[in-house]
Amino acid sequence: MYSAKEAAEMTGLSTATLRYYEKEQLLPQITRNDQKYRQYAEEDIEWIKMIQCMRRANIPIQSIKEYVALLIRGGETLEQRYVMVQNHMKDIKKQMINLQNAFILTQKKLSFYGKLLENSSYKNMSYSEEWKLFNHGED
């Protein structure tokens with residue numbers, strides 16, 4: 001069993017975030033010791049890591065809450081959870097495409113600025129001149 005502080009260190013979250021997850025019912029009931037301090041089991045740590053993964057995928061708290069509620073109910077909700085995960089997968093793929101496009105544009109911008117910095121004559125360029133030069137690739 002781990003204290004709240006240890007669980008926070010293991011997951012990289014704050015103890016306040018762990019309390020928030022519990023308050024929002026994203027975690028199963030956390031065991032408490034005789035002094036009423038939270039005691040996290042290994043399973044709780046893994047559960048927290050699952051939630052972190054979902055949050056990193058930009059899955060809203062409400063959706064995670066629904067998923068967790070279904071998960072707790074067990075096998076009878078397997079089909080619903082399958083559909084939820086399938087939908088989340090579609091959303092993650094869209095996010096990946098958007099991030100890839102943003103990465104490509106950022107690389108182009110970085111290269112563009114690198115070229116401009118090599119030539120001091122561009123220091124007095126207006127934003128509209130820069131915009132045209134970037135968008136039309138004129139050197």
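Throughout, numbering of the chain's residues begins at 1 and tracks the sequence. Note that the structure is predicted; figures quoted are calculated from it, not measured.
Of all heavy-atom pairs spanning Ile45 and Thr11, the tightest one is CG2-CG2, 4.2 Å. For the residue pair Leu18 and Ala7, the shortest heavy atom distance occurs at CD1-CB, 3.9 Å.
Side-chain contact between Leu70 and Leu78: absent, with no pair of heavy atoms (C-beta onward) separated by less than 4.5 Å. Under the 4.5 Å side-chain criterion, counting only non-hydrogen atoms from C-beta, Tyr2 is not in contact with Asp44. Between Ile30 and Gln39 there is no side-chain heavy-atom pair separated by less than 4.5 Å. A heavy-atom distance below 4.5 Å is not found between the side chains of Asn101 and Leu105. Leu71 is listed as a side-chain neighbour of Met50, based on a closest heavy-atom distance under 4.5 Å. With contacts defined as side-chain heavy-atom distances shorter than 4.5 Å, the pair Glu129/Phe134 does not qualify.
Legend: residues meeting side chain to side chain donor-acceptor pair (under 3.5 Å) with Tyr40, ordered by chain and number and at least two apart, are absent. A search for salt bridge (Lys or Arg N to Asp or Glu O under 4.0 Å) contacts involving Lys108 returns nothing, not counting sequence neighbours. With sequence neighbours excluded, the residues satisfying side chain to side chain contact (heavy atoms under 4.5 Å, CB included) with Glu9 are Lys5.
In terms of hydrophobic clustering, with Ile, Leu, Val, Met, Phe, Trp and Tyr side chains grouped at heavy-atom distances under 4.5 Å, Met10 and Tyr21 are assigned to a common cluster. Linking ILVMFWY side-chain heavy atoms closer than 4.5 Å, directly or via other members, places Ile51 and Ile72 in a single hydrophobic cluster.
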Inset, instruction - Evaluate the side chain to side chain contact (heavy atoms under 4.5 Å, CB included) criterion for residues Met1 and Glu6: first the C-alpha distance (whole Å), next the side-chain angles of each, then the deciding distance (0.1 Å), finally the verdict. - result: CA-CA 9 Å; Met1 298 295 266; Glu6 290 168 326; over 6 Å; no
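To the nearest 0.5 Å, atom CG of residue Leu110 and atom OG1 of residue Thr106 are 8.5 Å apart. The NZ atom of Lys94 sits 14.5 Å away from the CG atom of Leu99 when rounded to the nearest 0.5 Å. With values rounded to the nearest 0.5 angstrom, Ile64 atom CD1 is found 9.5 Å from Cys53 atom SG.
The number of heavy-atom neighbours closer than 6.0 Å to CD of Glu79, taken from other residues, nucleotides and ligands shown, is 12 or below. Crowding of Met89 atom CE: a count of heavy atoms from other residues, nucleotides or ligands under 6.0 Å not exceeding 12.
The other residues sharing a hydrophobic cluster with Met96 are Ile92, where clustering joins ILVMFWY side chains under 4.5 Å apart.
For residues 64-73, the set of pairs meeting the side chain to side chain donor-acceptor pair (under 3.5 Å) definition, not counting sequence neighbours, comprises Glu24-Lys65, Arg73-Glu76. Applying the side chain to side chain donor-acceptor pair (under 3.5 Å) test to residues at least two apart or on different chains, the pairs with a partner in residues 46-64 are Asn58-Gln95.
For the side-chain contact (heavy atoms from CB on, under 4.5 Å) with Gln100, the qualifying choice from Asn98, Ile97, Ile104 is Ile104, the only one to do so. For the side-chain contact (heavy atoms from CB on, under 4.5 Å) with Tyr20, the lone residue among Leu27, Ile61, Thr15, Leu13 that qualifies is Ile61.
Side-chain N or O atoms of Ser111 include none that pairs as donor or acceptor with a backbone N or O of Gln107 at under 3.5 Å. Without hydrogens or angle criteria, Arg81 side chain to Gly74 main chain gives a donor-acceptor distance under 3.5 Å. Side chain of Ser14 to main chain of Thr17: a donor-acceptor pair is present (N/O by atom type, distance under 3.5 Å, no hydrogens or angles).
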